[in-house]
Amino acid sequence: MRSATLVCALVLAGIHGAHAQGYPTRPVTLVVPFAAGGPVDAVARILSIPMGQALGQGVLVDYTVGAAGTLGVGRVARASPDGYTLSIGHWSTHVINAAIYPLQYDVLKDLDPVGMICANPLMVVARSSFPAKDLTELIAWLKANPDKASVGTAGVGSGSHMGGVYFQSATGTKVQYIPYKGTGPAMQDLLAGRLDFMVDQASNSLPQVRGGKIKAYAVTAKTRLSAAPEIPTVDEAGLTGLYVSVWFGIWAPKGTPRDIVAKLNAAMVSALADPAVRQRLSDLGQEIAPRDQQTPEALAAFHKAEAEKWWPLVKAAGIKPE
Ligand code: MLT
């Protein structure tokens with residue numbers, strides 16, 4: 001009986017160990033939960049080619065958009081746990097949404113962390129023709145014109161929406177949110193002057209700020225971005241303490257074999273060590289996660305801590321889906 005149990009255990013161990021041997025035999029899909037052209041898409045595209053090279057198979061960027069990223073994350077939570085469908089997302093998609101939406105999946109229990117990628121602050125930006133020349137003037141304008149400014153977001157609970165909510169509460173102002181399927185399309189309307197301002201991820205706004213196409217008032221960080229040292233921090237611009245950092249990660253469906261998760265993590269780590277990838281991310285104002293934070297275990301611990309920190313705050317704020 002004991003030897004039968006031993007044989008059984010060895011067979012199972014063999015099967016388990018064999019998961020990653022042939023993996024991957026076909027392309028891996030990275031599901032972006034927002035529209036193309038926005039911050040998550042940018043990170044996914046920067047990583048997809050080097051990760052595919054490390055895996056020996058293509059990494060395809062695919063989009064399932066809507067409801068602030070909940071549809072895309074839900075697609076991966078329900079996918080087969082075989083390493084071929086992955087979720088890329090961030091602070092709002094994998095933490096905040098769970099405190100706002102009645103989700104059909106559990107962000108902590110239905111996904112296995114692969115690794116943390118990077119983080120970027122938000123940036124308060126306006127259309128180039130907006131009258132305010134700095135943050136103080138923006139706040140004064142908003143106070144004089146309550147409910148008049150149109151603010152683009154990627155939907156209730158998205159990074160840009162949470163930034164707007166935090167900004168309104170810190171400044172005692174009222175704005176009108178205009179939801180999009182991502183801040184890629186919202187940025188197009190800001191550029192065209194159809195929106196007034198956004199509290200947008202730095203990585204989305206920075207290329208347009210550099211091109212002189214929109215105005216930047218402040219970054220929601222304690223220190224200036226090395227990629228844009230000319231833009232003041234919120235503290236310097238007069239809005240002390242409005243810090244928000246949007247951190248990014250990759251997850252697989254719950255139950256993905258550990259050796260497959262390890263292969264995916266190794267591919268992500270090797271992509272993040274590539275100097276060209278590092279340069280592209282840092283040009284966008286993204287700070288790459290330190291190597292010891294790139295492990296599945298570190299992402300699991302950080303993800304849980306972020307949920308414990310933010311869920312009570314978001315629930316207390318009473319933010320409801322549209
Ligand atoms: C996007 O990729 O469109 C964003 O990450 C949206 C957001 O959270 O504001």
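Just so you know, ligand 1 is whichever comes first in the structure, and atom 1 is the first atom listed for that ligand. Values reported hereafter were calculated over all heavy atoms of this structure, with side chains retained and with hydrogens, waters and symmetry mates removed.
Counting only N and O atoms by type, the side chains of Asp235 and Tyr243 include a donor and acceptor under 3.5 Å apart.
A side-chain contact (heavy atoms from CB on, under 4.5 Å) with Thr85 is found for one member of Leu30, Val76, Thr256 and no other, namely Val76.
Among residues at least two apart or in separate chains, there is no ring-ring contact (aromatic ring centres under 6.0 Å, His included) pair with a member in residues 42-67.
In the displayed structure, Lys181 atom NZ is contacted under 6.0 Å by at most 12 heavy atoms of other residues, nucleotides or ligands.
Under the 30°/60° scheme for interplanar angles, the aromatic rings of His94 and Trp251 are found to lie parallel. The aromatic rings of Trp310 and Trp91 sit perpendicular, their planes meeting at an angle over 60°, well past the 30° parallel limit.
Enumerated by chain and number, the residues approaching ligand 1 to less than 4.0 Å through a heavy atom are Phe34, Gly38, Pro39, Val40, His90, Ser92, Ala154, Ser158, Gly159, Ser160, Gly182, Thr183, Gln201.
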